[in-house]
Protein chains: 2
Amino acid sequence: MTSCQQCVVRNRAICSSLSAPELEVLNKIGRRVPVHRGQTLMWEGDDSLLVANVIDGVLKLSTSTADGREQIVGVVYPSDFIGRPFGSTTQHSVTALCDAQVCLFTRSAFDDFARTHPELEHKLLQRTLTELDRARHWMLLLGRKSAGERVATFLLEMAQRLADASCSGGDAVERFELPLTRQQMADLLGLTIETVSRQLTRLRQAGIIDLPDRRTVVILDHEAMEAEAGNG
Amino acid sequence: MTSCQQCVVRNRAICSSLSAPELEVLNKIGRRVPVHRGQTLMWEGDDSLLVANVIDGVLKLSTSTADGREQIVGVVYPSDFIGRPFGSTTQHSVTALCDAQVCLFTRSAFDDFARTHPELEHKLLQRTLTELDRARHWMLLLGRKSAGERVATFLLEMAQRLADASCSGGDAVERFELPLTRQQMADLLGLTIETVSRQLTRLRQAGIIDLPDRRTVVILDHEAMEAEAGNG
DNA sequence: CAGCATCATTGACATGGGTCAACGCTCTGG
DNA sequence: CCAGAGCGTTGACCCATGTCAATGATGCTG
């Protein structure tokens, strides 16, 4: 059995609040599960039966209108928490953007454990508050920013979050791999795939970014990107 | 001194988790404060020094771009919690939409109290999870819905939330007073004031709603409204 | 290596909603 | 009762972005 003690996200996930013996108990109720690219772990509207910690990989949270228009409402990385504890239904689908690993719990077992471990709940609260701030910040982008600003903002944020996730000391990396297709970028930004593509082309032709291949982005002029994003 | 025991939101706010003696202690660190219409209680980007429970009235949470475009990212009602506990900065401004009353705490005092009262933190966690679901749901509206759908969705949600807040047993009321001006509706829906006005006129001319005066809305055909909102 | 599926780019065109401007209603204070 | 301010409505016009369609890359499979 894989032990929590050796878990790569041990010190960043909400589990970091737990002592060795507590971790032992948590270890018994959770199991490590691989999730393949494109696989959906939870569906919008389902009963909330599972929650999980992301160990490795990137997943999207999404909702759709009745007629099939999709909006990505969050992107989660290793050490992030997914699912809806203390609630009866899951409000959005969770789908792997690349092959991933999660540490899965039944909601009932997790809820029980959390209720008896205030430190864990506190970590979860902090994480949820941060996610709420992030979601609300994204609402400004969706409600008020132009297509050009959206794409630039997205690229800057992606650079930042991938830098945070790696160990590069917090500086945004200027070269990175997108974990999203163009369609997924469009679904995240509230645009169409064509508009995303045109904005990327525009930024490339302006010499602000480079796109060596369709998954790679190089930010050539960070200052110009900030201006494009409407910061400042 | 006004006692928590007599507070109108006593049974709905996060304080409902507390026993009489605990409430006694909380009573000492909080104070009831009136907030006038238009008054801003916290500013985006400020150090997070205050948190509060809403006792009476309606307030908006908002963010802006550098060049002044505004987006309302949340609307809070009696018993809701405002401010950013366990964090150093407030990510959005909080402004009263009508004269209101809040129960104000310094963040440090509240944080200390919360850390030693897991039941309170649990309530706060539940509330925050619900707010996060709500914010993400709104992202679908901002990213993917048409102007007509946005206005209809807003009116239905407002009817629902005002019904929840009053004691009408949970049924949406078909007649209600808007706590928002047209500009504020536009800021919430990611539209302009003209578009909001035109969509309201359209719904009125279609016989789906009535607008007896500029603050009052009457939903005449609830089914048609659901269709307008894109809830197939 | 050929054939096919998937993903991305580009162009031409259409349109929803933004912009600008005029006007109307309502309330307040003198 | 009038003047002015604030808020809302309506109309004309325009442009950013969506829509539709063709083409180009990339990579997988047999």
Side-chain angles (χ1 to χ4, degrees), chain A residues 36-38 60 65 67-72 95 97-99 141-155 177-206 209-217 228 230, chain B residues 36-38 60 65 67-71 97-98 141-155 177-206 209-217 228-230:
Chain A
H36 299 294
R37 182 156 128 83
K60 67 169 182 174
T65 57
D67 63 343
R69 286 166 284 173
E70 180 167 329
Q71 178 66 45
I72 295 181
T95 308
L97 295 174
C98 57
D99 288 346
L141 176 143
L142 292 174
R144 291 300 185 205
K145 290 195 170 184
S146 70
E149 291 171 323
R150 293 183 200 201
V151 171
T153 304
F154 163 75
L155 293 177
E177 302 286 303
L178 289 170
L180 304 168
T181 65
R182 295 288 186 271
Q183 182 59 61
Q184 288 160 350
M185 288 176 57
D187 290 341
L188 179 61
L189 297 171
L191 299 171
T192 58
I193 185 173
E194 294 93 333
T195 300
V196 171
S197 181
R198 277 189 263 261
Q199 291 300 329
L200 288 172
T201 305
R202 187 180 62 78
L203 290 172
R204 182 168 51 73
Q205 287 176 348
I209 62 172
D210 191 20
L211 302 165
D213 66 78
R214 50 190 189 178
R215 285 295 181 126
T216 309
V217 176
E228 289 285 340
Chain B
H36 298 294
R37 182 155 126 82
K60 66 168 184 176
T65 57
D67 63 345
R69 285 167 285 174
E70 179 167 331
Q71 178 66 44
L97 295 174
C98 58
L141 176 142
L142 293 175
R144 291 299 185 205
K145 290 195 170 184
S146 69
E149 291 172 323
R150 292 184 201 200
V151 171
T153 305
F154 163 74
L155 293 178
E177 301 287 302
L178 290 169
L180 305 168
T181 65
R182 295 289 186 270
Q183 182 60 61
Q184 288 159 351
M185 287 176 58
D187 291 341
L188 180 61
L189 298 173
L191 299 169
T192 59
I193 185 173
E194 294 93 333
T195 300
V196 170
S197 182
R198 276 189 264 262
Q199 292 300 330
L200 287 172
T201 306
R202 188 180 60 79
L203 291 171
R204 182 169 51 73
Q205 286 177 348
I209 63 171
D210 190 21
L211 302 165
D213 66 77
R214 50 190 189 178
R215 285 294 182 125
T216 308
V217 177
E228 288 285 339

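Naming: A, B, ... by sequence-line order, numbering from 1 per chain. Just so it is clear, the values below take in all heavy atoms, side chains as well, and ignore hydrogens, waters and symmetry mates. Predicted model only: the values in this text are computed from it and were never measured.
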Rounding to a whole Å, what distance do you find between [X]:[atom1] and [N]:[atom2]?
X: B/Leu142; N: C/dG17; atom1: CG; atom2: C1'; answer: 15 Å
X: B/Arg144; N: C/dG16; atom1: CZ; atom2: P; answer: 17 Å
X: A/Arg215; N: D/dT26; atom1: CZ; atom2: C1'; answer: 12 Å
X: B/Arg202; N: D/dT9; atom1: CZ; atom2: P; answer: 14 Å
X: B/Gln183; N: C/dG18; atom1: CD; atom2: C1'; answer: 13 Å
X: A/Arg182; N: C/dT9; atom1: CZ; atom2: C1'; answer: 9 Å
X: A/Leu180; N: C/dA8; atom1: CG; atom2: C1'; answer: 15 Å
X: B/Met185; N: D/dC7; atom1: CE; atom2: P; answer: 15 Å

Could you check if a side-chain atom of A/Thr153 sits within less than 4.5 angstrom of a side-chain atom of A/Leu189, using non-hydrogen atoms only?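 No; the side chains remain at least 4.5 Å from each other.
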Could you give the distance from CD (A/Gln183) to CD1 (A/Ile72), rounded to the nearest 0.5 Å?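 Separation between the atoms: 8.5 Å.
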Rounded distance [0.5 Å steps], CZ in B/Arg144 versus OG1 in A/Thr65: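 B/Arg144 atom CZ to A/Thr65 atom OG1 measures 9.0 Å (nearest 0.5 Å).
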How is [X] classified with respect to the nucleic acid when contacts are heavy atoms under 4.0 Å: base, sugar-phosphate, or nothing?
X: A/Gly190; result: sugar-phosphate
X: A/Arg214; result: base
X: A/Leu191; result: sugar-phosphate

When you measure from the side chain of [X], which nucleotide among [options] comes out closest?
X: A/Ile193; options: C/dT9, C/dG17, D/dG8; result: C/dT9
X: A/Thr201; options: D/dT10, C/dT9, C/dT10; result: C/dT10
X: B/Ala147; options: D/dT9, C/dG17, D/dG8; result: C/dG17

Verify the contact: side-chain N or O of B/Thr195 to OP1 or OP2 of C/dG18, cut-off strictly under 4.0 Å; return yes or no.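 Result: yes.
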So, does the side chain of [X] form a donor-acceptor pair with the base of [N] at under 3.5 Å?
X: B/Glu194; N: C/dC20; answer: yes
X: A/Arg37; N: C/dT6; answer: no
X: B/Arg198; N: D/dG11; answer: yes

Is a side-chain donor or acceptor of B/Gln199 paired with a backbone partner of B/Val196 at a separation under 3.5 angstrom?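 Not confirmed, B/Gln199 side chain does not pair with B/Val196 backbone.
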Is the side chain of A/Arg182 donor-acceptor paired with the backbone N or O of A/Ile193 at a distance under 3.5 Å, no angle test?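 No, A/Arg182 side chain to A/Ile193 backbone: no donor-acceptor pair under 3.5 Å.
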